[in-house]
Amino acid sequence: MSLSWHGGPHGLPSLPLAALLGTAAALSLWSIIPLVEAVFTGYYAFDWEIFSVAAERLANGTLYDFSEFYAFRWSPVAAWILGFITLMPLWLWQVLHVAVLPLLRSWWLVAACLITFPLWFDIQTGNLMIFIAVTGFWAVRGNRVAIGLFLVLTLLVPRPLMLPLAAWILWTRPASRMPFLLLFVAHATIVIASGYAAEWLDALFRVGPELTSDYNYGPSRVIGLWWVPIGVALAVWLTRRGRIGLASLVISPYWLPYYFLMVLLEFAAGRPPPPAPQPAAVASRAGIPADTG
C-alpha cells in the first residue's frame, strides 16, 4: 500500500499516513502540557517581547543591534506594523492563533494542530508562524487574496522557508509577477528611505544563535551550515514536484518548532498548477509546425 496524502474518504489521509500522524501526535501530546501551562500563566513570550520593542528600536536606530535576548531580522516596515499589532494584549494575539485554524477547512487538521507541539510553541512565544502557514495553505490552493498576502509577507517577514512557495507562485502564475515587482520596488524604496537597508541585509545573512539553540530540531544542529547547500538542493527538487510544504521545511538553515507548521501546505486540497506550456509545445501536440522565426 502506497503512502498517499489524500487517499482516504471524506478528505481524510490514507491509512498509513493516518497511523504515522497518530503516532506523531501521541509523542507530541505529552510535550505540550508545559507550553499550555505557560500560556495560561502568562509566562514570558520571547518573540512577542521582541515584536513589542521593535518599533521603539526602529525610532532610535537600534533595530538590528542583536543581543543575547534580541534578534530582529524582518523588514523595517514590519517593525512599524508590529508597533500597532502589539498594542493589543498578548492573550488576544494568542487567541487569534486558534481562531484562524477553522480556515483549514478540515477538522482533523485542526485537531492535529491543537494537540501537537508546533502550534503551542507558536502561541506561547507569541510568534506569527500559524498565520503564515494558513495563508500559504490557501495560496497553494490558488486563492488570489492568499497569494497576494503571502507575497507581501515574504517581503515583510522574510524567512528561507517562505521562498519555495513564493518562487512557485511566481513561476506558475505569471499574472502575479508584475504586481510583485511593483510591490518589491515600493518596499525597497521605503527601506532605503528608512536608512536601514544595509543593516537589514546584514541582519538577514548574519549567523545567529538559532543554529546551536536547544530549539533547533534540524540537521544543522549536527552538521552546522553544511546543511544549507543540502537543504537548498532538496528544496528545489521538492518544489519542482509540488511538495511545497516539505520544501519549505528543508530549505530552512535551522528548524525551530513552529517551522513544522509549514507542513500544513502538504495537505492543501489543491496543488499549484503546472507551468503553462510554451507555444512550441502546444503547437507540437496539435500537429502544427512551430514558428521558430
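Along the sequence shown, the residues carry numbers beginning at 1.
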Candidate pair Glu49 and Phe69, rule side-chain contact (heavy atoms from CB on, under 4.5 Å), full reasoning: CA-CA 10 Å; Glu49 292 301 322; Phe69 300 105; over 6 Å; no
Can you measure from [atom1] ([X]) to [atom2] ([Y]) and round to the nearest 0.5 angstrom?
X: Tyr196; Y: Leu58; atom1: OH; atom2: CG; value: 5.0 Å
X: Trp80; Y: Ser75; atom1: CH2; atom2: OG; value: 11.5 Å
X: Trp200; Y: Ile192; atom1: CH2; atom2: CD1; value: 10.5 Å
X: Phe117; Y: Phe260; atom1: CZ; atom2: CZ; value: 10.0 Å
X: Tyr217; Y: Tyr254; atom1: OH; atom2: OH; value: 15.5 Å
X: Asn216; Y: Ser252; atom1: CG; atom2: OG; value: 8.0 Å

Should [X] and [Y] be counted in the same cluster of Ile, Leu, Val, Met, Phe, Trp and Tyr side chains packed under 4.5 Å apart?
X: Leu128; Y: Leu92; value: yes
X: Leu87; Y: Leu156; value: yes
X: Phe84; Y: Val53; value: yes
X: Leu104; Y: Val145; value: no
X: Leu161; Y: Leu204; value: yes

Answer yes or no: are there more than 12 heavy-atom neighbours, outside [X] itself, under 6.0 Å from its atom [atom1]?
X: Phe46; atom1: CZ; value: yes
X: Tyr44; atom1: OH; value: yes
X: Arg177; atom1: CZ; value: yes
X: Trp93; atom1: CH2; value: yes
X: Tyr215; atom1: OH; value: no
X: Arg206; atom1: CZ; value: yes

Is there a side-chain contact between [X] and [Y] (heavy atoms, below 4.5 Å)?
X: Pro76; Y: Leu63; value: yes
X: Ile230; Y: Val250; value: no
X: Phe121; Y: Asn127; value: no
X: Ile132; Y: Met262; value: yes
X: Tyr64; Y: Asp202; value: no
X: Tyr43; Y: Leu35; value: no
X: Val36; Y: Gln124; value: no
X: Trp138; Y: Arg105; value: yes

Work out which heavy atom in [X] is nearest to a heavy atom in [Y]; give both atom names and the distance.
X: Pro160; Y: Ile251; answer: O-CG2, 3.2 Å
X: Ile123; Y: Gln94; answer: O-NE2, 3.1 Å
X: Phe72; Y: Trp74; answer: CE2-O, 3.3 Å
X: Leu264; Y: Leu109; answer: CD2-CD2, 3.9 Å
X: Glu266; Y: Leu246; answer: OE2-N, 3.1 Å
X: Leu165; Y: Ala139; answer: CD2-CB, 4.1 Å

Which residues satisfy the side-chain contact (heavy atoms from CB on, under 4.5 Å) test with [X], sequence neighbours excluded?
X: Ser52; value: Trp48, Thr86
X: Leu149; value: Thr135, Leu153
X: Ala55; value: none

Residue pair Tyr258, Thr125: steps toward the side-chain contact (heavy atoms from CB on, under 4.5 Å) verdict: CA-CA 10 Å; Tyr258 37 50; Thr125 59; 3.4 Å; yes
Verdict with reasoning, Leu119 to Met129, per side-chain contact (heavy atoms from CB on, under 4.5 Å): CA-CA 8 Å; Leu119 175 67; Met129 198 67 238; over 6 Å; no
Verdict with reasoning, Ser176 to Leu170, per side-chain contact (heavy atoms from CB on, under 4.5 Å): CA-CA 6 Å; Ser176 67; Leu170 296 173; 3.7 Å; yes
Of all pairs that satisfy side chain to side chain donor-acceptor pair (under 3.5 Å), the ones with a partner from residues 222-242, not counting sequence neighbours: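 Non-adjacent pairs meeting side chain to side chain donor-acceptor pair (under 3.5 Å): zero.
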Aromatic ring proximity, centroids under 6.0 angstrom, Phe150 and Trp168: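 Ring centroids of Trp168 and Phe150 are no less than 6.0 Å from each other.
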Close aromatic pair by centroid cut-off 6.0 Å: Trp108 and Phe267: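 Yes - the distance between ring centres of Trp108 and Phe267 falls below the 6.0 Å cut-off.
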With sequence neighbours excluded, residues passing salt bridge (charged side-chain N to carboxylate O under 4.0 Å, His left out) with Arg73: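 Glu210.
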Partners meeting salt bridge (charged side-chain N to carboxylate O under 4.0 Å, His left out) with Asp65 (sequence neighbours left out):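 For Asp65 there are no salt bridge (charged side-chain N to carboxylate O under 4.0 Å, His left out) partners, ignoring immediate neighbours.
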Any donor-acceptor N/O pair, Trp255 side chain to Leu249 backbone, under 3.5 Å: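 Checking the backbone N and O of Leu249 against the side chain of Trp255, a donor-acceptor pair under 3.5 Å is found.
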